[in-house]
Amino acid sequence: MRQRRLAAPAFHRQRIAAYGEVIAQFAAEITGRWQAGTMDVHPQMLLVALRIVGKCLFNIDAEAEARAIATAVSAFMITPPPGYIPQALIEQLQKLSFGPMLKVQKGIADLDAILYGMIAERRRAPGDRGDLLSMLMESEDTDGTGGMSDKQVRDECLTVMLAGHETTANALSFTLWMLAKHPEIQERVQEEAVRVLGARRPAADDYPKLRLAYMVFAEAMRLYPTVWVLGRSAGPEPYQVRGFTIPAGAMLLAPQIVVHRDARFWKDPEEFRPERFEEEGKGTRPKFAYFPFGGGSRQCIGEALAWMEGVFVLATIARDWRLKPVPGAPEELPMTPSVNLRPKRGVPLVLERR
Ligand code: HEM
C-alpha cells in the first residue's frame, strides 16, 4: 500500500492527460514507418507500449533497450502461469541451470543492467524530474529510515515496466486482429478518427470523442482479456460463502476469460459487438462481469494510461491503415495462456495505406 501511495501521483488525471502527447507521438512515429504488405503487428505494439511506459514513467526513450527488454519479458512468460506454482518453488526453479531458466536468468541480468544504469544516472544528478522514477527515488520513509534502496527502486521499476507494457501490447494486437476480421467495424473506427482528428495527432481532449475506438478496445479485452485469470490465496481461517466452505490457504481463481463470456451477463457472448458497451446491460450488469483490470486493493494502477494508449493507438492506425487478415489465416488467432494471454505466433496482418 505504501508503494501504491508513492506511485499514485504518476497516475493522476492531469499526468495522464500529459502522457496523451507522448502516446500520440510514438503511435504516429512507429506506424509512420510501416510499409504496405504483410507484417506481424505484435512486435510493433510491444515497441509502442514499451516506449510509452519508458518515456512517461522513467523519462527514458527505450527504443535502444526495447529488444533486450522484450526478450527478457518473453523469458518470464513461462507456462503454466505462476499463479498455479507456489512462490517458493518458482524461486528454486529460477536458480536451476537449464534451458528456460537460463533464459530467465539472462533476462533478469539484461533488465538489471538497464534499470540499475537508469538509477545510477539519477543518483549522480538527483532532483525531481516529475516522473515516477523521481517519485520513488525522492521518497523518504516516514519512520525516518531513509529513502528506498537501489534494489527497492529497481523492483518497483521492473514491476511497472513488466505490468505496463506486455498487457497493453497484447490487448492492442488482439484488437487489431479483430478489426481485420470485422472490416465494417474497422471502417467506422476510421470514419470516427477522420471526423475527430482530421490529419493531426490525438490530444487529451479527443479521448472522450473517440467513443467507438474505446468500445472496440473494451470489447476486444472482453473476449481476449490479457490478464485472463487472477489468483488469490485464502487467509489462515476457513470461511463460508454462498454455501461453499473455502478451506484455509486455498488458492482461489477469478478467470476473466470465463466470466467475460458468461451468457448470464453477456448476450451472444461469443460475438464481437463493441456497441454492447453502450447499450445492453448497462447499470444491471454486476461489477465483476467485466474486470480486465482486476479490482479491489490491487486494481491496476495503470488503467487510465492503458485506456488512453488503446484508444489513441487504434485511432491512429485505423485512420492511416487498412488491415486485412493474411489469406488462409485461421478463424481464431492462436493464443498461449501464459502469465498473460499472448499471441502464440505473432499477429500477421496485411496492411494497406489509406
Ligand atoms: C491493457 C492493459 C492492462 C491490463 C489488462 C492490466 C491488468 C492488470 C490487472 C488485472 C492487475 C491486477 C493484478 C492482480 O490483482 O493480481 C494489474 C495490476 C497492475 N498494473 Fe496493470 N494492466 C494494464 C496496463 C497497465 C499499465 C499501462 C501499467 C503501468 C504503466 C500497469 C501497472 C500495473 C501495476 C503496477 C499493477 C500492480 C498493482 C498492485 O499490485 O497494487 N498496468 N493490471
Side-chain angles (χ1 to χ4, degrees), residues 1-12 15-16 18-20 22-23 26-27 42 45-46 48-60 62 69 73 81-84 87 131-133 135-136 152-176 178 213-214 216-233 251-257 259-260 287-288 290-314 335 337-343:
M1 291 317 289
R2 174 178 171 272
Q3 311 297 67
R4 268 185 88 99
R5 262 199 307 278
L6 273 179
F11 297 95
H12 276 168
R15 304 261 348 149
I16 302 289
Y19 299 156
V22 177
I23 298 171
F26 286 141
H42 188 235
M45 294 302 104
L46 285 168
V48 175
L50 189 60
R51 287 184 74 187
I52 291 170
V53 170
K55 185 71 195 160
C56 293
L57 301 176
F58 307 113
N59 198 24
I60 52 165
I69 296 177
V73 172
Y84 295 110
Q87 182 62 28
D131 58 8
L132 177 66
L133 192 53
M135 284 162 209
L136 298 174
Q152 283 171 319
V153 177
R154 171 265 193 200
D155 287 352
E156 292 305 316
C157 293
L158 190 59
T159 303
V160 171
M161 217 172 247
L162 297 191
H165 107 271
E166 232 239 3
T167 42
T168 319
N170 295 0
L172 273 166
S173 299
F174 297 149
T175 313
L176 295 178
M178 293 314 276
Y214 165 86
V216 164
F217 192 51
E219 176 71 338
M221 286 197 286
R222 180 183 69 82
L223 283 169
Y224 304 109
T226 332
V227 176
W228 60 280
V229 59
L230 288 179
R232 291 290 186 272
S233 306
M251 168 70 84
L252 300 170
L253 298 177
Q256 285 93 334
I257 192 92
V259 180
H260 286 186
K287 184 172 165 216
F288 280 96
Y290 185 70
F291 59 117
F293 295 96
S297 59
R298 304 211 72 133
Q299 165 138 16
C300 178
I301 198 170
E303 176 169 353
L305 174 59
W307 281 111
M308 188 172 276
E309 235 179 294
V311 169
F312 283 9
V313 174
L314 286 177
M335 296 192 190
S338 176
V339 177
N340 291 334
L341 190 63
R342 35 182 2 224

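Whatever order the structure lists ligands and atoms in, that order sets their numbers, starting from 1.
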Are any of the N or O atoms of [X] closer than 3.5 Å to those of ligand 1?
X    : value
R298 : yes
R4   : yes
R232 : yes

Kindly say whether the aromatic ring centers of [X] and [Y] come within a distance under 6.0 Å.
X    : Y    : answer
F217 : Y214 : no
Y224 : H260 : no
W307 : F312 : no

Quiz item: Any side-chain heavy atom of C56 within less than 4.5 Å of one from D131?
Solution: no
Self-check item: Which segment of T168 sits under 4.0 Å of ligand 1 when only heavy atoms are counted
Solution: both
Quiz item: Could you give the distance from CD1 (I16) to CD (E309), rounded to the nearest 0.5 Å?
Solution: 9.5 Å
Quiz item: If you round to the nearest 0.5 Å, how far is CD of E166 from CG of L46?
Solution: 6.0 Å
Any side-chain to backbone donor/acceptor pair from [X] onto [Y]? Under 3.5 Å, distance only.
X    : Y    : result
W228 : S338 : yes
R15  : A10  : no
Q256 : P225 : no

For [atom], which protein heavy atom lies nearest, and how many Å away is it?
atom                    : result
atom 30 (C) of ligand 1 : L57 CD1, 3.5 Å
atom 13 (C) of ligand 1 : L230 CD2, 3.6 Å
atom 5 (C) of ligand 1  : P292 O, 3.4 Å

Quiz item: Looking at L305, which atoms of ligand 1 are within less than 4.0 Å of one of its heavy atoms?
Solution: 30 (C)
Quiz item: Heavy atoms of the protein only: does one fall short of 4.0 Å from atom 35 (C) of ligand 1?
Solution: yes
Exercise. Evaluate the criterion side-chain hydrogen bond (donor to acceptor under 3.5 Å, both in side chains) for residue pair E156 and Q152; output intermediate values, then yes/no.
Key: CA-CA 6 Å; E156 292 305 316; Q152 283 171 319; over 6 Å; no
Exercise. Report, as a single number, the protein N, O or S atoms less than 2.8 Å from atom 21 (Fe) of ligand 1.
Key: 1
